[in-house]
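All values derive from a computational prediction rather than experimental measurement. Along the sequence shown, the residues carry numbers beginning at 1.
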Amino acid sequence: PQFDDLRAREFTRLDSAKHVYLDYTGGGLYAESQIRAHSELLLKEVFGNPHSHNPTSLASTHNVEAARQRIRQFFNANSTEYEVIFTLNASGALKLIGESYPWSASSHFFLTADNHNSVNGIREFAQSHGASIKYLPLNRDLRTQNIESLLPDADCTHANLFAFPAQSNFSGVKHPLEWIELAHSKGYDVLLDAAAYVPTNGLDLGAIHPDFTSISFYKMFGFPTGVGALIIRKEVMHRLQRPWFGGGTVRFVSAQNNTRLLANSGEAFEDGTLNYLSIAAIPNGLDFLNSVGIENINHHVMTLTEYMLYGILNLYHSNGHPLVQLYGPRETTMRGGTIAFNITTPDGRLIEMSVIEERANARNISVRTGCFCNPGAAEFAFDYLPEEAYHCFTTLDPDQFTIRQFSTCMNNLPVGAIRASVGIASNQHDLDELVNLVASFKDFVPEAGQTWRLPQLEMR
(Lines give C-alpha, C1' and ligand atoms only; values in the text may rest on other atoms or scores of the structure.)
Protein backbone atom coordinates (compact mmCIF):
# COMPACT_ATOMS: atom_id res chain seq x y z
CA PRO A 1 0.00 0.00 0.00
CA GLN A 2 2.82 2.44 0.78
CA PHE A 3 4.18 2.30 -2.76
CA ASP A 4 0.73 2.23 -4.38
CA ASP A 5 -0.09 5.43 -2.50
CA LEU A 6 3.29 6.89 -3.43
CA ARG A 7 2.74 6.22 -7.12
CA ALA A 8 -0.74 7.70 -7.01
CA ARG A 9 0.51 10.80 -5.19
CA GLU A 10 3.94 11.49 -6.70
CA PHE A 11 4.07 9.73 -10.08
CA THR A 12 0.56 10.24 -11.50
CA ARG A 13 2.02 10.98 -14.95
CA LEU A 14 2.95 7.33 -15.40
CA ASP A 15 -0.63 6.05 -15.32
CA SER A 16 -2.27 9.11 -16.89
CA ALA A 17 0.01 8.74 -19.94
CA LYS A 18 -0.14 4.90 -19.76
CA HIS A 19 3.63 4.55 -19.48
CA VAL A 20 5.36 1.34 -18.42
CA TYR A 21 8.73 2.66 -17.28
CA LEU A 22 11.37 -0.04 -16.79
CA ASP A 23 14.61 1.89 -17.31
CA TYR A 24 15.47 3.04 -13.79
CA THR A 25 19.10 2.03 -14.25
CA GLY A 26 19.20 4.49 -17.13
CA GLY A 27 17.54 7.26 -15.15
CA GLY A 28 15.39 7.63 -12.05
CA LEU A 29 12.01 9.38 -11.99
CA TYR A 30 11.43 12.56 -10.00
CA ALA A 31 8.59 12.94 -7.54
CA GLU A 32 6.12 15.76 -8.13
CA SER A 33 6.85 17.18 -4.68
CA GLN A 34 10.51 17.64 -5.60
CA ILE A 35 9.60 19.81 -8.57
CA ARG A 36 7.10 21.87 -6.58
CA ALA A 37 9.58 22.52 -3.79
CA HIS A 38 12.34 23.54 -6.20
CA SER A 39 10.03 25.74 -8.26
CA GLU A 40 8.89 27.54 -5.14
CA LEU A 41 12.51 28.15 -4.15
CA LEU A 42 13.41 29.59 -7.56
CA LEU A 43 10.29 31.76 -7.69
CA LYS A 44 10.81 33.16 -4.20
CA GLU A 45 14.56 33.83 -4.05
CA VAL A 46 17.21 35.51 -6.20
CA PHE A 47 20.43 33.58 -6.81
CA GLY A 48 23.61 34.86 -8.47
CA ASN A 49 26.95 33.41 -9.50
CA PRO A 50 28.50 32.06 -6.29
CA HIS A 51 32.01 33.37 -7.12
CA SER A 52 31.44 36.62 -5.24
CA HIS A 53 30.33 38.02 -1.87
CA ASN A 54 27.26 40.00 -2.83
CA PRO A 55 23.88 38.96 -1.36
CA THR A 56 22.68 36.86 -4.31
CA SER A 57 26.07 35.17 -4.65
CA LEU A 58 26.15 34.35 -0.96
CA ALA A 59 22.66 32.85 -1.24
CA SER A 60 23.90 30.51 -3.98
CA THR A 61 27.03 29.64 -2.00
CA HIS A 62 24.83 28.79 0.99
CA ASN A 63 22.74 26.41 -1.14
CA VAL A 64 25.81 24.72 -2.61
CA GLU A 65 27.41 24.17 0.79
CA ALA A 66 24.10 23.02 2.28
CA ALA A 67 23.80 20.44 -0.52
CA ARG A 68 27.39 19.33 0.07
CA GLN A 69 26.69 18.80 3.76
CA ARG A 70 23.41 17.05 3.05
CA ILE A 71 25.22 14.57 0.78
CA ARG A 72 27.74 13.84 3.53
CA GLN A 73 24.91 13.15 5.95
CA PHE A 74 23.07 10.88 3.52
CA PHE A 75 26.14 8.71 2.92
CA ASN A 76 27.57 9.05 6.44
CA ALA A 77 30.71 10.63 4.97
CA ASN A 78 32.35 12.51 7.84
CA SER A 79 33.71 15.92 6.82
CA THR A 80 37.01 15.17 8.52
CA GLU A 81 37.56 12.24 6.14
CA TYR A 82 35.67 13.08 2.93
CA GLU A 83 35.29 15.92 0.44
CA VAL A 84 32.26 16.17 -1.84
CA ILE A 85 33.21 17.43 -5.31
CA PHE A 86 30.39 18.39 -7.66
CA THR A 87 30.69 17.15 -11.25
CA LEU A 88 28.45 16.97 -14.31
CA ASN A 89 27.56 13.34 -13.54
CA ALA A 90 29.23 10.09 -12.46
CA SER A 91 31.18 10.03 -15.73
CA GLY A 92 32.57 13.48 -14.96
CA ALA A 93 33.68 12.24 -11.55
CA LEU A 94 35.43 9.27 -13.13
CA LYS A 95 37.20 11.40 -15.73
CA LEU A 96 38.44 13.64 -12.93
CA ILE A 97 40.04 10.60 -11.26
CA GLY A 98 41.63 9.39 -14.47
CA GLU A 99 43.22 12.70 -15.41
CA SER A 100 44.43 13.58 -11.89
CA TYR A 101 45.53 10.25 -10.42
CA PRO A 102 49.34 10.13 -9.95
CA TRP A 103 49.99 7.38 -12.48
CA SER A 104 53.52 6.20 -13.25
CA ALA A 105 55.16 3.42 -15.22
CA SER A 106 55.20 1.43 -11.96
CA SER A 107 51.46 1.83 -11.32
CA HIS A 108 48.91 -0.96 -11.61
CA PHE A 109 45.28 -0.44 -12.61
CA PHE A 110 43.11 -3.47 -11.88
CA LEU A 111 39.40 -3.47 -12.62
CA THR A 112 36.65 -6.02 -12.95
CA ALA A 113 35.48 -6.77 -16.48
CA ASP A 114 32.04 -5.65 -15.30
CA ASN A 115 32.51 -1.88 -15.40
CA HIS A 116 30.80 1.07 -17.04
CA ASN A 117 32.64 2.59 -20.00
CA SER A 118 33.38 5.71 -17.97
CA VAL A 119 35.47 3.52 -15.66
CA ASN A 120 37.01 1.71 -18.62
CA GLY A 121 37.99 5.09 -20.02
CA ILE A 122 40.31 5.71 -17.06
CA ARG A 123 42.65 3.14 -18.59
CA GLU A 124 43.53 5.66 -21.33
CA PHE A 125 45.07 7.97 -18.72
CA ALA A 126 46.81 5.07 -16.99
CA GLN A 127 48.16 3.75 -20.28
CA SER A 128 49.51 7.15 -21.30
CA HIS A 129 51.75 7.05 -18.21
CA GLY A 130 52.91 3.49 -18.86
CA ALA A 131 50.89 1.87 -16.07
CA SER A 132 49.95 -1.79 -16.38
CA ILE A 133 46.24 -2.56 -16.82
CA LYS A 134 44.42 -5.81 -16.11
CA TYR A 135 40.77 -6.86 -16.12
CA LEU A 136 39.48 -9.48 -13.69
CA PRO A 137 37.25 -12.05 -15.46
CA LEU A 138 33.59 -12.94 -14.86
CA ASN A 139 31.96 -16.34 -14.49
CA ARG A 140 28.70 -17.54 -16.04
CA ASP A 141 26.65 -15.56 -13.49
CA LEU A 142 28.72 -12.48 -14.42
CA ARG A 143 30.41 -12.42 -11.02
CA THR A 144 34.13 -12.23 -10.23
CA GLN A 145 35.31 -15.19 -8.16
CA ASN A 146 38.52 -15.79 -6.21
CA ILE A 147 39.43 -12.12 -6.13
CA GLU A 148 41.92 -12.84 -3.32
CA SER A 149 44.10 -14.70 -5.82
CA LEU A 150 43.27 -12.57 -8.88
CA LEU A 151 44.32 -9.29 -7.22
CA PRO A 152 48.05 -9.47 -6.45
CA ASP A 153 49.85 -7.49 -3.76
CA ALA A 154 51.01 -4.10 -5.01
CA ASP A 155 53.99 -1.93 -4.16
CA CYS A 156 52.62 0.75 -1.82
CA THR A 157 55.36 3.20 -2.80
CA HIS A 158 53.60 3.62 -6.15
CA ALA A 159 50.05 4.66 -7.03
CA ASN A 160 47.84 1.61 -7.68
CA LEU A 161 44.11 1.64 -8.29
CA PHE A 162 41.41 -1.04 -8.12
CA ALA A 163 37.97 -0.21 -9.59
CA PHE A 164 34.64 -2.01 -9.47
CA PRO A 165 30.91 -1.20 -9.45
CA ALA A 166 28.90 -1.72 -6.27
CA GLN A 167 26.14 -2.94 -8.59
CA SER A 168 26.40 -3.85 -12.25
CA ASN A 169 24.49 -1.62 -14.63
CA PHE A 170 24.38 -4.60 -17.04
CA SER A 171 23.27 -7.60 -14.98
CA GLY A 172 22.25 -6.15 -11.60
CA VAL A 173 24.96 -8.22 -9.86
CA LYS A 174 26.06 -6.71 -6.55
CA HIS A 175 29.79 -7.05 -6.01
CA PRO A 176 30.97 -7.47 -2.39
CA LEU A 177 31.84 -4.20 -0.68
CA GLU A 178 34.32 -6.22 1.41
CA TRP A 179 36.58 -5.99 -1.63
CA ILE A 180 37.41 -2.43 -0.55
CA GLU A 181 39.20 -3.50 2.62
CA LEU A 182 40.84 -6.42 0.80
CA ALA A 183 42.22 -4.14 -1.92
CA HIS A 184 43.47 -1.64 0.67
CA SER A 185 45.33 -4.45 2.43
CA LYS A 186 46.99 -5.34 -0.87
CA GLY A 187 48.23 -1.81 -1.54
CA TYR A 188 45.52 -0.31 -3.77
CA ASP A 189 43.43 2.82 -3.68
CA VAL A 190 39.83 1.85 -4.41
CA LEU A 191 37.35 3.39 -6.82
CA LEU A 192 33.73 2.39 -6.13
CA ASP A 193 31.31 3.23 -8.94
CA ALA A 194 28.07 3.55 -6.96
CA ALA A 195 25.86 5.10 -9.66
CA ALA A 196 23.66 2.02 -10.16
CA TYR A 197 23.71 1.02 -6.48
CA VAL A 198 22.66 4.04 -4.46
CA PRO A 199 19.16 4.61 -5.94
CA THR A 200 17.90 1.52 -4.07
CA ASN A 201 20.60 0.67 -1.51
CA GLY A 202 22.02 2.40 1.53
CA LEU A 203 25.74 3.23 1.33
CA ASP A 204 27.58 3.90 4.59
CA LEU A 205 30.94 5.51 3.80
CA GLY A 206 31.72 5.60 7.50
CA ALA A 207 31.87 1.80 7.41
CA ILE A 208 33.54 0.85 4.11
CA HIS A 209 35.89 3.79 3.24
CA PRO A 210 36.43 3.65 -0.54
CA ASP A 211 38.89 6.30 -1.69
CA PHE A 212 36.71 7.42 -4.61
CA THR A 213 32.91 7.07 -4.92
CA SER A 214 31.10 8.26 -8.03
CA ILE A 215 27.35 9.02 -8.17
CA SER A 216 24.77 10.72 -10.43
CA PHE A 217 21.79 12.34 -8.73
CA TYR A 218 19.35 11.89 -11.61
CA LYS A 219 19.79 8.13 -11.23
CA MET A 220 18.87 8.43 -7.56
CA PHE A 221 15.79 10.66 -7.76
CA GLY A 222 15.32 11.86 -11.32
CA PHE A 223 15.95 15.59 -10.90
CA PRO A 224 18.20 17.47 -11.38
CA THR A 225 20.06 16.14 -14.38
CA GLY A 226 23.54 17.43 -15.13
CA VAL A 227 24.84 17.10 -11.55
CA GLY A 228 26.88 14.31 -10.03
CA ALA A 229 29.51 14.02 -7.35
CA LEU A 230 32.82 12.48 -6.50
CA ILE A 231 33.01 11.68 -2.81
CA ILE A 232 36.72 11.45 -2.12
CA ARG A 233 38.86 10.73 0.91
CA LYS A 234 40.92 13.81 1.73
CA GLU A 235 44.17 11.92 2.19
CA VAL A 236 43.91 10.68 -1.40
CA MET A 237 42.69 14.00 -2.81
CA HIS A 238 45.90 15.69 -1.75
CA ARG A 239 47.87 13.22 -3.90
CA LEU A 240 45.97 14.06 -7.07
CA GLN A 241 47.69 16.16 -9.72
CA ARG A 242 45.41 18.37 -11.77
CA PRO A 243 46.57 18.82 -15.39
CA TRP A 244 44.55 22.02 -15.81
CA PHE A 245 43.02 24.88 -13.85
CA GLY A 246 40.17 27.25 -14.51
CA GLY A 247 37.74 29.62 -12.92
CA GLY A 248 36.71 28.55 -9.45
CA THR A 249 39.59 26.09 -8.97
CA VAL A 250 42.20 28.64 -7.87
CA ARG A 251 42.97 31.00 -5.03
CA PHE A 252 45.44 33.07 -7.07
CA VAL A 253 46.73 33.18 -10.65
CA SER A 254 49.47 35.32 -12.15
CA ALA A 255 49.66 35.77 -15.92
CA GLN A 256 52.92 37.73 -15.60
CA ASN A 257 54.67 35.12 -13.48
CA ASN A 258 53.07 32.00 -14.97
CA THR A 259 52.01 30.64 -11.58
CA ARG A 260 48.84 29.66 -9.73
CA LEU A 261 47.63 28.48 -6.34
CA LEU A 262 44.83 25.92 -6.43
CA ALA A 263 42.05 25.97 -3.86
CA ASN A 264 42.81 23.93 -0.73
CA SER A 265 39.45 22.14 -0.74
CA GLY A 266 37.53 20.04 -3.23
CA GLU A 267 36.74 23.27 -5.09
CA ALA A 268 40.13 22.83 -6.78
CA PHE A 269 38.43 20.11 -8.84
CA GLU A 270 35.19 21.98 -9.65
CA ASP A 271 35.82 23.65 -12.98
CA GLY A 272 34.09 26.92 -13.73
CA THR A 273 30.78 28.04 -12.30
CA LEU A 274 28.87 25.21 -10.66
CA ASN A 275 25.32 24.41 -11.71
CA TYR A 276 24.18 26.22 -8.59
CA LEU A 277 20.48 26.35 -9.40
CA SER A 278 20.28 22.57 -9.92
CA ILE A 279 22.54 21.77 -6.98
CA ALA A 280 20.00 23.55 -4.78
CA ALA A 281 17.50 20.79 -5.67
CA ILE A 282 19.64 17.95 -4.33
CA PRO A 283 18.52 18.22 -0.67
CA ASN A 284 14.88 17.91 -1.80
CA GLY A 285 15.71 14.69 -3.61
CA LEU A 286 17.61 13.22 -0.68
CA ASP A 287 14.81 14.24 1.67
CA PHE A 288 12.33 12.48 -0.59
CA LEU A 289 14.32 9.23 -0.50
CA ASN A 290 14.62 9.51 3.27
CA SER A 291 10.88 10.09 3.64
CA VAL A 292 10.21 6.79 1.87
CA GLY A 293 13.15 5.01 3.51
CA ILE A 294 16.00 3.47 1.53
CA GLU A 295 15.44 0.07 3.17
CA ASN A 296 11.76 0.22 2.20
CA ILE A 297 12.76 1.08 -1.36
CA ASN A 298 15.20 -1.82 -1.44
CA HIS A 299 12.58 -4.28 -0.18
CA HIS A 300 10.04 -3.00 -2.72
CA VAL A 301 12.51 -3.28 -5.60
CA MET A 302 13.72 -6.77 -4.65
CA THR A 303 10.16 -8.06 -4.25
CA LEU A 304 9.38 -6.85 -7.76
CA THR A 305 12.67 -8.22 -9.11
CA GLU A 306 11.80 -11.68 -7.83
CA TYR A 307 8.37 -11.38 -9.46
CA MET A 308 9.95 -10.22 -12.73
CA LEU A 309 12.51 -13.04 -12.80
CA TYR A 310 9.88 -15.67 -12.04
CA GLY A 311 7.55 -14.25 -14.67
CA ILE A 312 9.93 -14.26 -17.64
CA LEU A 313 11.91 -17.38 -16.74
CA ASN A 314 8.75 -19.49 -16.68
CA LEU A 315 7.76 -18.73 -20.25
CA TYR A 316 8.21 -21.48 -22.84
CA HIS A 317 7.58 -22.11 -26.51
CA SER A 318 5.11 -24.87 -27.43
CA ASN A 319 8.05 -27.24 -27.98
CA GLY A 320 9.27 -26.69 -24.41
CA HIS A 321 12.18 -24.38 -25.27
CA PRO A 322 12.47 -21.41 -22.86
CA LEU A 323 11.63 -17.98 -24.29
CA VAL A 324 14.33 -16.15 -22.33
CA GLN A 325 18.11 -16.30 -22.27
CA LEU A 326 19.06 -14.50 -19.03
CA TYR A 327 22.48 -12.92 -18.45
CA GLY A 328 23.40 -12.97 -14.77
CA PRO A 329 22.00 -14.67 -11.66
CA ARG A 330 18.55 -16.24 -11.70
CA GLU A 331 17.96 -15.58 -8.00
CA THR A 332 17.80 -12.37 -5.93
CA THR A 333 20.77 -13.05 -3.65
CA MET A 334 23.42 -10.31 -4.08
CA ARG A 335 21.68 -8.70 -7.02
CA GLY A 336 19.67 -5.55 -7.66
CA GLY A 337 16.59 -4.70 -9.68
CA THR A 338 18.27 -4.83 -13.11
CA ILE A 339 17.98 -7.81 -15.45
CA ALA A 340 19.49 -8.34 -18.91
CA PHE A 341 18.13 -10.93 -21.29
CA ASN A 342 17.39 -11.88 -24.88
CA ILE A 343 14.33 -13.63 -26.29
CA THR A 344 14.77 -16.91 -28.14
CA THR A 345 13.08 -18.49 -31.14
CA PRO A 346 11.52 -21.98 -30.88
CA ASP A 347 14.65 -23.48 -32.49
CA GLY A 348 17.02 -21.82 -30.01
CA ARG A 349 18.27 -18.76 -31.86
CA LEU A 350 18.07 -15.22 -30.40
CA ILE A 351 15.74 -12.56 -31.76
CA GLU A 352 17.56 -9.34 -32.58
CA MET A 353 16.95 -6.70 -29.93
CA SER A 354 15.61 -4.18 -32.46
CA VAL A 355 12.62 -6.45 -33.13
CA ILE A 356 11.78 -6.58 -29.41
CA GLU A 357 12.37 -2.86 -28.93
CA GLU A 358 9.96 -2.04 -31.75
CA ARG A 359 7.21 -4.14 -30.16
CA ALA A 360 7.95 -2.68 -26.70
CA ASN A 361 7.72 0.86 -28.05
CA ALA A 362 4.37 0.10 -29.65
CA ARG A 363 3.11 -0.90 -26.18
CA ASN A 364 4.60 2.25 -24.54
CA ILE A 365 7.08 0.12 -22.56
CA SER A 366 10.43 1.78 -21.87
CA VAL A 367 13.24 -0.77 -21.67
CA ARG A 368 16.87 -0.35 -22.71
CA THR A 369 18.62 -2.26 -25.50
CA GLY A 370 22.30 -2.64 -26.37
CA CYS A 371 25.34 -3.34 -24.22
CA PHE A 372 24.47 -0.56 -21.74
CA CYS A 373 27.95 1.04 -21.87
CA ASN A 374 29.35 -2.11 -20.23
CA PRO A 375 31.32 -3.97 -22.92
CA GLY A 376 33.16 -6.24 -20.50
CA ALA A 377 29.99 -7.75 -19.04
CA ALA A 378 28.58 -8.04 -22.57
CA GLU A 379 31.67 -9.87 -23.85
CA PHE A 380 31.40 -12.46 -21.08
CA ALA A 381 27.61 -12.69 -21.36
CA PHE A 382 27.77 -13.30 -25.12
CA ASP A 383 30.74 -15.66 -24.80
CA TYR A 384 33.13 -13.70 -27.00
CA LEU A 385 36.58 -15.22 -27.44
CA PRO A 386 39.21 -12.46 -27.15
CA GLU A 387 41.10 -13.51 -30.28
CA GLU A 388 37.92 -13.54 -32.39
CA ALA A 389 36.82 -10.13 -31.15
CA TYR A 390 40.33 -8.73 -31.72
CA HIS A 391 40.29 -10.04 -35.29
CA CYS A 392 37.00 -8.26 -35.97
CA PHE A 393 38.06 -5.01 -34.35
CA THR A 394 41.28 -4.89 -36.38
CA THR A 395 39.93 -6.02 -39.76
CA LEU A 396 36.68 -4.07 -40.05
CA ASP A 397 37.00 -0.61 -41.62
CA PRO A 398 36.49 1.85 -38.73
CA ASP A 399 34.90 4.41 -41.07
CA GLN A 400 32.31 1.86 -42.23
CA PHE A 401 31.91 0.01 -38.91
CA THR A 402 28.42 -1.09 -37.87
CA ILE A 403 27.17 -3.33 -35.07
CA ARG A 404 25.59 -5.60 -37.70
CA GLN A 405 28.98 -6.00 -39.42
CA PHE A 406 30.61 -6.85 -36.11
CA SER A 407 28.00 -9.52 -35.35
CA THR A 408 28.51 -11.06 -38.80
CA CYS A 409 32.26 -11.08 -38.26
CA MET A 410 31.69 -12.80 -34.89
CA ASN A 411 29.81 -15.62 -36.67
CA ASN A 412 26.45 -14.07 -35.79
CA LEU A 413 26.91 -13.89 -32.03
CA PRO A 414 24.63 -11.36 -30.27
CA VAL A 415 25.79 -7.76 -29.95
CA GLY A 416 23.19 -6.57 -27.46
CA ALA A 417 20.40 -7.48 -25.06
CA ILE A 418 17.25 -6.11 -23.46
CA ARG A 419 17.56 -4.55 -20.02
CA ALA A 420 14.61 -4.06 -17.70
CA SER A 421 15.08 -2.33 -14.37
CA VAL A 422 12.64 -1.48 -11.60
CA GLY A 423 12.62 1.39 -9.14
CA ILE A 424 10.70 3.35 -6.57
CA ALA A 425 7.55 3.92 -8.69
CA SER A 426 7.38 0.45 -10.27
CA ASN A 427 4.41 -1.81 -9.58
CA GLN A 428 3.23 -5.31 -10.42
CA HIS A 429 1.20 -4.06 -13.39
CA ASP A 430 4.41 -2.79 -15.03
CA LEU A 431 5.96 -6.22 -14.73
CA ASP A 432 2.85 -7.97 -15.98
CA GLU A 433 3.14 -5.80 -19.08
CA LEU A 434 6.78 -6.85 -19.49
CA VAL A 435 5.87 -10.53 -19.10
CA ASN A 436 3.07 -10.10 -21.64
CA LEU A 437 5.54 -8.49 -24.03
CA VAL A 438 7.93 -11.43 -23.74
CA ALA A 439 5.06 -13.95 -23.96
CA SER A 440 3.93 -12.34 -27.23
CA PHE A 441 7.02 -13.90 -28.85
CA LYS A 442 5.88 -17.44 -28.08
CA ASP A 443 6.42 -19.58 -31.20
CA PHE A 444 7.47 -16.41 -33.09
CA VAL A 445 9.64 -17.00 -36.16
CA PRO A 446 11.49 -13.81 -37.21
CA GLU A 447 12.26 -12.78 -40.76
CA ALA A 448 15.59 -13.71 -42.29
CA GLY A 449 18.45 -11.69 -40.84
CA GLN A 450 16.64 -10.91 -37.58
CA THR A 451 18.30 -13.53 -35.38
CA TRP A 452 21.60 -14.21 -33.66
CA ARG A 453 23.32 -17.43 -32.72
CA LEU A 454 22.84 -18.57 -29.11
CA PRO A 455 26.26 -18.50 -27.38
CA GLN A 456 27.50 -21.81 -26.00
CA LEU A 457 28.08 -20.52 -22.49
CA GLU A 458 30.60 -22.38 -20.37
CA MET A 459 31.82 -21.87 -16.84
CA ARG A 460 35.02 -19.87 -16.82
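Leu192 is listed as a side-chain neighbour of Ile208, based on a closest heavy-atom distance under 4.5 Å. Within the 4.5 Å cutoff, the side chain of Tyr276 has no heavy atoms near those of the Asn63 side chain. For the pair Ile343/Val438, a side-chain contact is recorded, criterion being any heavy-atom separation below 4.5 Å from C-beta on.
For Phe382 and Tyr327, the ring centers sit closer than 6.0 Å to each other. In this structure, the ring of Phe125 has its center no less than 6.0 angstrom from the ring center of Trp103.
Sequence neighbours left out, the pairs with a member in residues 80-98 that pass side chain to side chain donor-acceptor pair (under 3.5 Å) are Asn78-Thr80, Glu81-His209, Glu81-Arg233, Ser91-Ser118, Lys95-Glu99. Contacts classified as salt bridge (Lys or Arg N to Asp or Glu O under 4.0 Å) and involving residues 356-368 (residues at least two apart or in different chains) are given here: Asp23-Arg368.
Shown here are the side-chain hydrogen bond (donor to acceptor under 3.5 Å, both in side chains) partners of His299, two or more places apart in sequence or in another chain: there are none. Looking at residues two or more places apart in sequence or on another chain, you find a salt bridge (charged side-chain N to carboxylate O under 4.0 Å, His left out) between Glu32 and Arg36. Residues satisfying the side-chain hydrogen bond (donor to acceptor under 3.5 Å, both in side chains) test with Tyr135, not counting sequence neighbours, are Asn120, Arg123. Applying the side-chain hydrogen bond (donor to acceptor under 3.5 Å, both in side chains) criterion to Glu306, with sequence neighbours excluded, gives no partner residue.
Asp141 and Arg330 are not joined by a salt bridge, as no carboxylate oxygen comes within less than 4.0 angstrom of a charged side-chain nitrogen. Between Arg143 and Asp114, none of the side-chain N atoms (NZ, or NE/NH1/NH2) sits under 4.0 Å from a carboxylate O, so this pair counts as no salt bridge. Between Glu433 and Lys18, no side-chain nitrogen of the basic residue sits less than 4.0 Å from a carboxylate oxygen of the acidic one, so the salt-bridge criterion is not met.
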For this session: Please assess Ile279 against Glu65 for the test side-chain contact (heavy atoms from CB on, under 4.5 Å), listing each intermediate value before the final yes or no.
Result: CA-CA 9 Å; Ile279 288 172; Glu65 294 311 310; over 6 Å; no
For this session: Dump the intermediate steps for side chain to side chain donor-acceptor pair (under 3.5 Å) on Thr259 and Asn257, then the final yes or no.
Result: CA-CA 6 Å; Thr259 188; Asn257 296 293; over 6 Å; no
For this session: Determine, step by step, whether Phe221 and Phe223 satisfy the ring pair (Phe, Tyr, Trp, His ring centres under 6.0 Å) criterion, reporting the C-alpha distance in whole Å, the side-chain angles of both residues, the deciding distance to 0.1 Å, and the verdict.
Result: CA-CA 6 Å; Phe221 39 75; Phe223 178 86; 8.9 Å; no
For this session: Using the side-chain contact (heavy atoms from CB on, under 4.5 Å) rule, take Asp15 and Arg7 through it: C-alpha gap first, then chi angles, then the decisive distance, then the call.
Result: CA-CA 9 Å; Asp15 295 320; Arg7 179 161 171 148; 2.8 Å; yes
For this session: Determine, step by step, whether Thr273 and Asn49 satisfy the side chain to side chain donor-acceptor pair (under 3.5 Å) criterion, reporting the C-alpha distance in whole Å, the side-chain angles of both residues, the deciding distance to 0.1 Å, and the verdict.
Result: CA-CA 7 Å; Thr273 300; Asn49 188 312; 3.1 Å; yes
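Atom NZ of Lys234 has more than 12 heavy atoms from other residues, nucleotides or ligands within 6.0 Å.
Ring geometry for Phe401 versus Phe393: interplanar angle under 30°, hence parallel rather than tilted (30 to 60°).
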